[in-house]
2 protein chains.
Amino acid sequence: MPVDLTPSQALGLWHEVTLQQVHEDGRDLTLRQLAILLEIYLVPPPHTVRGLAARLGVTKPVITRALDTMGEQGLVTRMRDERDRRNVVIKRTVDGALYLERLGDLIIAGGRKLAP
Amino acid sequence: MPVDLTPSQALGLWHEVTLQQVHEDGRDLTLRQLAILLEIYLVPPPHTVRGLAARLGVTKPVITRALDTMGEQGLVTRMRDERDRRNVVIKRTVDGALYLERLGDLIIAGGRKLAP
DNA sequence: GACGAACGATACGGTAGCGTAACGACAGCC
DNA sequence: GGCTGTCGTTACGCTACCGTATCGTTCGTC
């Protein structure tokens, strides 16, 4: 069930949601950070630093830094993989799920608001 | 003609588009910068620094800085208002229009790709 | 002409991101 | 046990953004 949008609707939706985000998001995530967060929550685990780096096409330090920041904000957690202690497994958190739920609501509301 | 999305579709759309953006956008605009750009191109002129600041709920230096950066990248231009030389009028550019057109395509493609 | 208000820009100190390069910890294999 | 390769992290120098406060210019009014 694909979603078909006109160019005007597509940009209008982005406009509305971005505006709301800027207005009320005290967190101010980077585009990259948001992409990482969505990847973690929408794609089945496990997630590793290396995997995320490859998926986003960025270097590993970018992932480490983003996880540091988002970890401090409680959006994600890291745990060492006990089966292979070189790996780090990235875990979801309740706060992270709530944050994305809120973003989803924003997007849905933005879509409803289009071209009145 | 509003657009109705399920929570899964909403976040899926954001996921897809954000991922693409991170992959291929060499410009790496901030969330605020993108909001400003969309505001300038989707809302009828004239646009002023003060007006944009009020609309986004941020301070004026934020707008000035964003216009500096996006100006260097050719996405917007500034001109003094000759009728009231205290004001600065923000103008659109061809490059800016192309950039947003490209973003629109990305969003539309993302929507089509949902839930295969 | 002088004064107050409005506008956008700038200065300042601080914070957080970036890319490149190097690092320590660990696993697998000989 | 020692080598090699793979993890994720850290170090370094740099750039860009942040908020607050202040500045110079211009307008409107007296």
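Reminder, nothing fancy here: chain letters follow the sequence lines and each chain counts from 1.
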Worksheet item: Is the shortest heavy-atom distance from the side chain of L29(B) to the side chain of L75(B) under 4.5 Å?
Response: yes
Worksheet item: Would you say L31(A) and V58(A) are hydrophobically clustered, going by side-chain heavy atoms of ILVMFWY under 4.5 Å?
Response: yes
Worksheet item: Is any side-chain N or O of R78(B) closer than 4.0 Å to OP1 or OP2 of dA9(C)?
Response: yes
Worksheet item: With respect to the side chain of R50(A), which nucleotide from dC7(C), dG8(D), dC18(D) is positioned closest?
Response: dG8(D)
Worksheet item: From the list dT6(D), dA9(C), dC17(D), which nucleotide is the closest neighbour of the side chain of R65(B)?
Response: dC17(D)
Practice prompt. Return the value, rounded to whole Å, for the distance between atom CG of D68(B) and atom C1' of dT10(C).
Written response: 10 Å
Discussion item. Checking the side chain of T48(A) only, and the main-chain atoms of G51(A) only, is there a donor and an acceptor separated by less than 3.5 Å?
Written reply: yes
Worksheet entry | Which nucleotide in dT9(D), dA9(C), dT26(D) has an atom nearest any side-chain atom of V49(B) | dA9(C)
Worksheet item: Could you give the NZ-to-C1' distance, from K60(A) to dC23(C), as a whole number of Å?
Response: 11 Å
Discussion item. Starting the side chain at C-beta, find the nucleotide from dT9(D), dC17(D), dT10(C) nearest to P61(A).
Written reply: dT9(D)
Practice prompt. Using atom CG of N87(A) as one end and atom C1' of dA25(C) as the other, report the distance to the nearest whole Å.
Written response: 12 Å
Worksheet item: If you check every side-chain atom of T59(A), which of dT20(D), dC7(C), dG19(C) has the closest atom?
Response: dG19(C)
Worksheet item: Roughly how many Å is it from CG in D81(A) to C1' in dC7(D), rounded to a whole number?
Response: 11 Å
Item to complete: Please state how far atom CG in L29(B) lies from atom C1' in dC17(D), giving the value in whole angstrom units.
Response: 13 Å
Worksheet entry | Atom pair distance, as rounded to whole Å: CE in M79(A) and C1' in dT9(D) | 18 Å
Discussion item. So, does R32(A) get its side chain near the phosphate of dG19(C), meaning an N or O under 4.0 Å from OP1 or OP2?
Written reply: yes
Worksheet item: Does the E24(B) side chain pair with the main chain of Q21(B), one donor and one acceptor, at a distance under 3.5 Å?
Response: no
Worksheet item: What does E72(B) touch in the nucleic acid at a heavy-atom separation under 4.0 angstrom: a base, only the sugar-phosphate, or nothing?
Response: nothing
Item to complete: Return the value, rounded to whole Å, for the distance between atom CZ of R85(B) and atom C1' of dG8(C).
Response: 12 Å
Worksheet entry | Any T64(B) side-chain N or O less than 4.0 Å from OP1/OP2 of dA9(C) | yes
Worksheet item: Which whole-number value in Å describes the distance from I90(A) CD1 to dG8(D) C1'?
Response: 10 Å
Discussion item. Considering every strand and a 4.0 Å limit on heavy-atom distances, what is the contact class for Q33(A): base, sugar-phosphate, or nothing?
Written reply: sugar-phosphate
Discussion item. Please check this pair: side chain of R78(A) against backbone of I90(A), looking for a donor-acceptor N/O pair closer than 3.5 Å.
Written reply: no
Worksheet entry | R50(A) atom CZ, neighbour heavy-atom count above 12 within 6.0 Å | no
Discussion item. Please confirm whether the shortest side-chain N or O distance from T48(B) to OP1 or OP2 of dC7(C) is below 4.0 Å.
Written reply: no
Discussion item. Let me spell it out: for each of T30(A) and E82(A), pick the nucleotide of DNA chain C with the closest heavy atom. Which residue's pick is nearer the 5' end?
Written reply: T30(A)
Discussion item. I want to confirm an ordering. Mapping I63(A) and R86(B) to their closest nucleotides on DNA chain D, which one lands closer to the 5' end?
Written reply: I63(A)
